[in-house]
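Reading through the structure tokens given below for one structure.
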Amino acid sequence: MLDDIILGQYVPGDSFLHRLDPRTKMILSALLAVLVFVVHTWTGYALYFAFTAALAAVGRIPPRYLARGMRPMVFFGVITFLFQLVFVREGRAVLDLWILTVTDRGVVEGFFMCFRLLLVVLVVLLFTLTTSAVELAEAVDRLLRPLRRVGVNSYDVGLVLSGAIRFVPTLLEQADKVKKAQMARGVVFEQGNLIERGRKVTAILVPLLLNVVRRADELGMAMEARCYQGGVGRTSRMQLRTGARDWVAAAVSVAWGVMLVWAGL
Amino acid sequence: MTAAVPEPRPLSRQVPAEGIRLRGVFHTYGRGTPHEVTALRGVDLDIAPGQFVAVVGHNGSGKSTVAKHLNVLLQPTEGDVWVDGLNTRDPAARMAIRRRVGMVFQNPDNQIVGITVEHDVAFGLENLGLPVEVIEQRIDEALRLLGIEHLRHEPPHRLSAGQKQRLAIAGVVAMRPRYMVLDEATALLDPAGRAEVLDCIVRLNREEGLGVVWITHFMEEAVHADQVVVMEGGQVVMAGTPRQVFQQAEEIRRLRLDVPLVTRIAAGLRERGLPVPADAVFLEEVVQSVCRSASGD
Ligand SMILES: Nc1ncnc2c1ncn2[C@@H]1O[C@H](COP(=O)(O)OP(=O)(O)OP(=O)(O)O)[C@@H](O)[C@H]1O
Ligand SMILES: [Mg+2]
């Protein structure tokens, strides 16, 4: 399960997507994510999925890799689906089980909510897999720069993001160590009911969390020792450039989104 | 210890032009709380430019606390610390001091910020606000000095512990400090990694004239130093050349520390009547004096 968390694990490459200005990618991904909540028909979702699949192809991301990244989300997808089944009351009843009534509307809503969730994650994955953490940090810094006037340190926000990404593998490694230590003491993770399993997971999370706090403290000190002072008077090695490529990407995405909305899909 | 209130006061005048100087430094953690710990009790220390100083001492003797005073991560509760004539109490001098004194900690994982080797080396340089061309040049230079050019584009988690620690050092070396403080920088490494890192530092000291403060639990590592400083209970209890310090084996043992293996062997040989110098710290000199006495008989 831990190995499946590929969110934020950049796949180096030089595809069209990789070479887009990270700011463009970020804004377009955000628009795409919003669009998913506007779509409300089967055709709409099919087209949306086709578009993301095309993006994956353009970004030369192996479908297998994407599928692996999506795997941990399937659980949440199923929960979302069941939730809609139980709570949507409108429509014709298709199934009567004791106090539970499942309606046809519920089934459809269940599928749609599930699609929305999975598609949003897919868009986020496409973004993070083609954008290095450095680019991400730089993009966030630039995009949030106007907020400096109201006291938000955009550089810090970017740094926190890239730092989080930098530490994902380290923390996974740590979690694995803790898990093995628990296993050495005879804890079997694949056994027991939900509560027991929950307790076992907590036994991993608590030491992990303490570790994160200590790490953050030391990291802060190491950064300060390297003359970090919150991006003041700092130069940036990375130069972001918007080019024709970005305009093409923006035009295609926007046109496609407008079309979906306009067609009422 | 009732320490004087460290309120704003005139910065002391007797300022040395060069080197690091600590005078009567006290430090109390958590002052005014029930968890008050006085970690330093009047530390005096001089570090000349280009000098290699090894600091040894039992756990909790205050080594790390001293280290953090050298680049303004901590302020003395009492006393003064000067770096090339700049007082660490002076807020205006803080960045200048941090540029001069680089710091490497024990756990490389907790000091690497960058997503790749080169981005991490760039971090400090970007903070200094250097022009991009200079940054690129300094990255090349630092990676070369530490022998990790071939890892340039690797993410940190793919490096071995020794490589990670060399990266951490490269990130500091690139900023071209005059002094470098390494707080048990080899503690988490295996013997090969430890030698790898120590060799780099010794070379930077000899060839680039980098001043080094090397904090360690391994006495063997202290024999390379120009000066060995022994700490105990928040004070400097012994200081001198490795020969001067390790000769006092009794005193060292009383401080719950070891003398280097070579010194112990030399002492044993002397007890059995061999003409081995009492202050030997290098294996070679022991071997030579033993051979000489063997062939002389
Ligand atoms: N952040 C802190 N808050 C409170 N007390 C501290 C803090 N850091 C260190 N101390 C205490 O100060 C004393 C000196 O600690 P210091 O870390 O300087 O020792 P050290 O010589 O580096 O030890 P070690 O060999 O274990 O690294 C110890 O008693 C320690 O418990
Ligand atoms: Mg220490």
Side-chain angles (χ1 to χ4, degrees), chain A residues 8-14 22 128 131-138 141 155-156 158-177 211-240, chain B residues 64 67-68 70-74 94-116 118-136 138-139 153-159 164 168 171-175 177 180-181 183:
Chain A
Q9 295 205 18
Y10 174 59
V11 180
D14 63 345
T128 55
T131 312
S132 73
V134 186
E135 289 176 305
L136 174 65
E138 196 66 29
D141 178 14
Y155 175 72
D156 276 349
L159 190 74
V160 164
L161 267 177
S162 74
I165 291 172
R166 139 83 181 90
F167 278 98
V168 164
T170 310
L171 292 179
L172 290 183
E173 207 175 283
Q174 191 70 37
D176 197 51
K177 264 193 208 147
N211 186 277
V212 169
V213 172
R214 217 201 47 226
R215 237 178 235 294
D217 191 42
E218 283 187 26
L219 185 70
M221 199 169 264
M223 283 167 55
E224 227 183 299
R226 280 162 85 184
C227 296
Y228 175 67
Q229 30 181 353
V232 187
R234 197 173 193 279
T235 39
S236 176
R237 225 178 129 224
M238 170 161 292
Q239 312 291 326
L240 295 185
Chain B
S64 299
K68 286 173 190 155
L70 304 184
N71 77 342
V72 214
L73 291 174
L74 289 179
R94 189 169 62 185
M95 276 305 138
I97 293 174
R98 288 201 177 139
R99 286 177 84 135
R100 276 160 205 263
V101 185
M103 190 79 175
V104 177
F105 299 89
Q106 187 179 84
N107 189 342
D109 263 328
N110 298 354
Q111 25 187 341
I112 297 173
V113 195
I115 344 278
T116 68
E118 62 167 353
H119 285 111
D120 189 68
V121 177
F123 178 75
L125 301 171
E126 289 175 315
N127 288 340
L128 293 181
L130 297 173
V132 180
E133 317 81 63
V134 178
I135 292 182
E136 297 307 324
R138 296 265 194 107
I139 293 174
H153 302 290
E154 291 293 317
H157 66 269
R158 291 233 206 105
L159 309 184
K164 273 187 214 171
V172 176
V173 164
M175 296 168 77
M180 194 140 151
V181 183
D183 189 354

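Atom set for the values below is all heavy atoms of this structure, side chains included, hydrogens, waters and symmetry mates excluded. Below, chains carry the letters A, B, ... as their sequence lines are ordered, and counting in each starts from 1. Since the model is a prediction, treat every value here as computed from it, not as a measurement.
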(message) If I compare all heavy atoms of A:Ala225 with all of B:Asn71, which pair ends up nearest, and what's the gap?
(response)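 Distance-wise, the nearest heavy atoms are CB-ND2, 3.5 Å.
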
Using a 4.5 angstrom heavy-atom cutoff, name the option from [options] with the most pairs to chain A.
{"options": "B:Lys68, B:Arg94, B:His153", "answer": "B:Lys68"}
{"options": "B:Gln106, B:Arg99, B:Met95", "answer": "B:Met95"}
{"options": "B:Asp109, B:Val101, B:Val72", "answer": "B:Asp109"}

(message) For the CD atom of A:Gln229 and the CZ atom of B:Arg98, what is their distance to the nearest 0.5 Å?
(response)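 Interatomic distance, A:Gln229 CD to B:Arg98 CZ, rounded to 0.5 Å: 8.5 Å.
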
(message) Return the CG to CE distance between B:Asn127 and A:Met223, rounded to the nearest 0.5 Å.
(response)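 Output value for this atom pair is 7.5 Å.
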
Is it the case that the side chain of [X] and the backbone of [Y] share a donor-acceptor pair, with hydrogens and angles ignored and the cut-off at 3.5 Å?
{"X": "A:Arg226", "Y": "B:Gln111", "result": "yes"}
{"X": "A:Thr235", "Y": "B:Leu130", "result": "yes"}
{"X": "B:Glu126", "Y": "A:Arg237", "result": "yes"}

Could you tell me which portion of [X] (side chain, backbone, both or neither) has an atom closer than 4.5 angstrom to a non-hydrogen atom of chain A?
{"X": "B:Val113", "answer": "both"}
{"X": "B:Pro156", "answer": "side chain"}
{"X": "B:Asp183", "answer": "neither"}
{"X": "B:Glu118", "answer": "both"}
{"X": "B:Ile112", "answer": "both"}
{"X": "B:Phe123", "answer": "both"}

